[in-house]
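The shown structure was predicted, so the numbers you read here are calculated from the model rather than taken from an experiment.
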Amino acid sequence: MTLLSDQADAVRALVESADPGAVWAAGGPDGPYACSGGADDVLDAGGLTAVLALWPTVGTLVDEGALRLHTPLAAYGDEAAAGTPAGTTAHQLLTHPGGTAALTRLVEHLCGSTLAEAAATRVWRPLGMTRTRLADGTLRAPLADLALFLRHLLHPSAPSAPNIANIANGSNDPGDTSGPAPLTRAWTAESLRIRTGELTPARGLLWHPAPHGVWTHHAPADPGPAVWISPRHHRWAVLLPAAPGPLRTTFREAVFTPAGPARSSTSDGVPRV
């Protein structure tokens, strides 16, 4: 589902009227379809650390067989299991609130490095996210890097580096591409499905489900950043608000609901979460 011109204009008008300082983009597996300016400005994306650094790094460990989600952490050594109840697994940490600190400790133990170093080596550099940094507990990244990351979740076999600045300037050229992505389709598919059974709220692996095939991860406090992805409809979006208010909700509705002149009549709405 491509974001059509009129719909993109409506999203842009919405953001400019509600929060002129917000930075945003929406796109699909081929790259961004529409975005704000400032694509290369390095921004505070700290509310997305879990999904941009921790979740993909865990995925690389799972894919290489170094981590099994349902194996108790104690199997990886006392340091890996420190501070967690007996029998705790990585799956539990990925699907329950408050598990990121213990999960980070596990990842750093298995990688033999800090999360920042592991994410840069295993995820960001292979994706071409050369300006993304995690330092002093704060993740900072330009919009262009965030778009690269989300694009590859929809098309993990695609090369990296579509030029988001071209989209902001009105060009449809995604730019030069090179290099495979490190995130596998299997890891993304396993993460974007309900992993908590009948428990509520329902969760995937550090992602939260919404109706009609949309998944989200966002900072707990408004006006924190948020990302959305819908593999079913081949669309992603990211928003970094500059001011508090309802923009996070209205933005995702404008991007994902069929209220605008979308090409498909399939329901693709995103509820308030």
Side-chain angles (χ1 to χ4, degrees), residues 47-124 126-127 134 139 149-150 152-157 180-220 226-232 236 273:
L48 301 176
T49 301
V51 77
L52 288 170
L54 186 56
W55 172 75
T57 305
V58 170
T60 65
L61 291 168
V62 171
D63 287 337
E64 68 188 33
L67 174 64
R68 295 184 181 275
L69 295 185
H70 295 281
T71 296
L73 303 187
Y76 302 103
D78 293 341
E79 183 179 345
T84 61
T88 298
T89 66
H91 183 272
Q92 291 172 327
L93 298 177
L94 286 162
T95 56
H96 290 77
T100 55
L103 192 60
T104 297
R105 185 166 55 248
L106 171 66
V107 166
E108 292 181 338
H109 174 72
L110 294 176
C111 292
S113 65
T114 65
L115 175 61
E117 293 167 339
T121 300
R122 290 169 170 265
V123 182
W124 301 337
L127 284 180
L134 177 58
L139 180 72
F149 181 83
L150 292 167
H152 278 286
L153 300 189
L154 293 180
H155 194 3
S157 62
L183 302 176
T184 65
R185 191 180 303 274
W187 173 243
T188 301
E190 285 297 300
S191 299
L192 302 183
R193 67 180 181 87
I194 302 298
R195 305 295 297 250
T196 49
E198 299 298 322
L199 298 178
T200 56
R203 292 173 178 266
L205 300 181
L206 286 182
W207 289 86
H208 305 272
H212 313 302
V214 178
W215 291 80
T216 182
H217 185 99
H218 54 77
V227 293
W228 299 268
I229 187 168
S230 177
R232 181 184 304 174
W236 55 261
V273 297

- Any side-chain heavy atom of W124 sitting closer than 4.5 Å to one from L134? yes
- Message: Within the 4.5 Å heavy-atom criterion, are L206 and V58 side-chain neighbours or not?
- Response: no
- Item | Short side-chain donor-acceptor distance under 3.5 Å, W55 and S191 | yes
- Query: Okay, side chain of E108, backbone of S113: is any donor-acceptor separation there less than 3.5 Å?
  - Reply: no
- Query: Is there side-chain contact between T104 and L54, with at least one heavy-atom pair below 4.5 Å?
  - Reply: yes
- Task: Check the angle between the aromatic planes of W207 and H217 and answer parallel, tilted or perpendicular using the 30° and 60° thresholds.
- Result: perpendicular
- Task: Please name all residues satisfying side chain to side chain contact (heavy atoms under 4.5 Å, CB included) with E64, sequence neighbours left out, ordered by chain then number.
- Result: L61, A66, R122
- Closest non-hydrogen contact found for P209 with A202 is CD-O, 3.2 Å
- Task: Identify the two heavy atoms, one from W215 and one from I194, that lie closest to each other, and give their separation to 0.1 Å.
- Result: CH2-N, 3.8 Å
- Message: Using side-chain heavy atoms (C-beta onward) and a distance below 4.5 Å, is P56 in contact with F149?
- Response: yes
- Message: Tell me the closest heavy-atom pair linking L106 and A80, and the distance in Å.
- Response: CD1-CB, 3.7 Å
- Flag side-chain contact, heavy atom, 4.5 Å: T100 against L93: no
- Query: Heavy-atom distance under 4.5 Å between the side chains of L150 and W228, does that happen here?
  - Reply: no
- Straight-line distance of L48 CG to L139 CG, nearest 0.5 Å: 7.0 Å
- Output for pair (D63 CG, T184 OG1), nearest 0.5 Å, gives 3.5 Å
- Task: Show your reasoning for whether side chain to side chain contact (heavy atoms under 4.5 Å, CB included) applies to V51 and V227.
- Result: CA-CA 9 Å; V51 77; V227 293; 4.3 Å; yes
- Message: I need the L153 CG to L192 CG distance, nearest 0.5 Å.
- Response: 7.5 Å
- Message: Is it the case that over 12 heavy atoms from other parts of the model lie below 6.0 angstrom from the CZ atom of R68?
- Response: no
- Message: Using side-chain heavy atoms (C-beta onward) and a distance below 4.5 Å, is V214 in contact with I229?
- Response: no
- For R203, all residues meeting salt bridge (Lys or Arg N to Asp or Glu O under 4.0 Å), sequence neighbours excluded: none
- Rounded distance [0.5 Å steps], CG in L110 versus CD in E79: 9.5 Å
- Query: Where the side chain of T60 meets the backbone of T57, is there a donor-acceptor pair that is under 3.5 Å apart?
  - Reply: yes
- Item | Approximate separation, where rounding is to 0.5 Å, of H96 NE2 and T88 OG1 | 10.0 Å
- Message: Within the 4.5 Å heavy-atom criterion, are L73 and R105 side-chain neighbours or not?
- Response: no
- Item | Interatomic spacing from OG1 in T89 to CG in L94 - rounded to 0.5 Å | 8.5 Å
- Query: Could you give all pairs that pass the ring-ring contact (aromatic ring centres under 6.0 Å, His included) test and reach residues 65-92, with sequence neighbours left out?
  - Reply: H70-H91
- Message: Is there a side chain to side chain contact (heavy atoms under 4.5 Å, CB included) between E190 and R195? Walk through the geometry before answering.
- Response: CA-CA 9 Å; E190 285 297 300; R195 305 295 297 250; 3.3 Å; yes
- Under 3.5 Å, side chain of T121 to main-chain N/O of E117, donor-acceptor pair present? yes
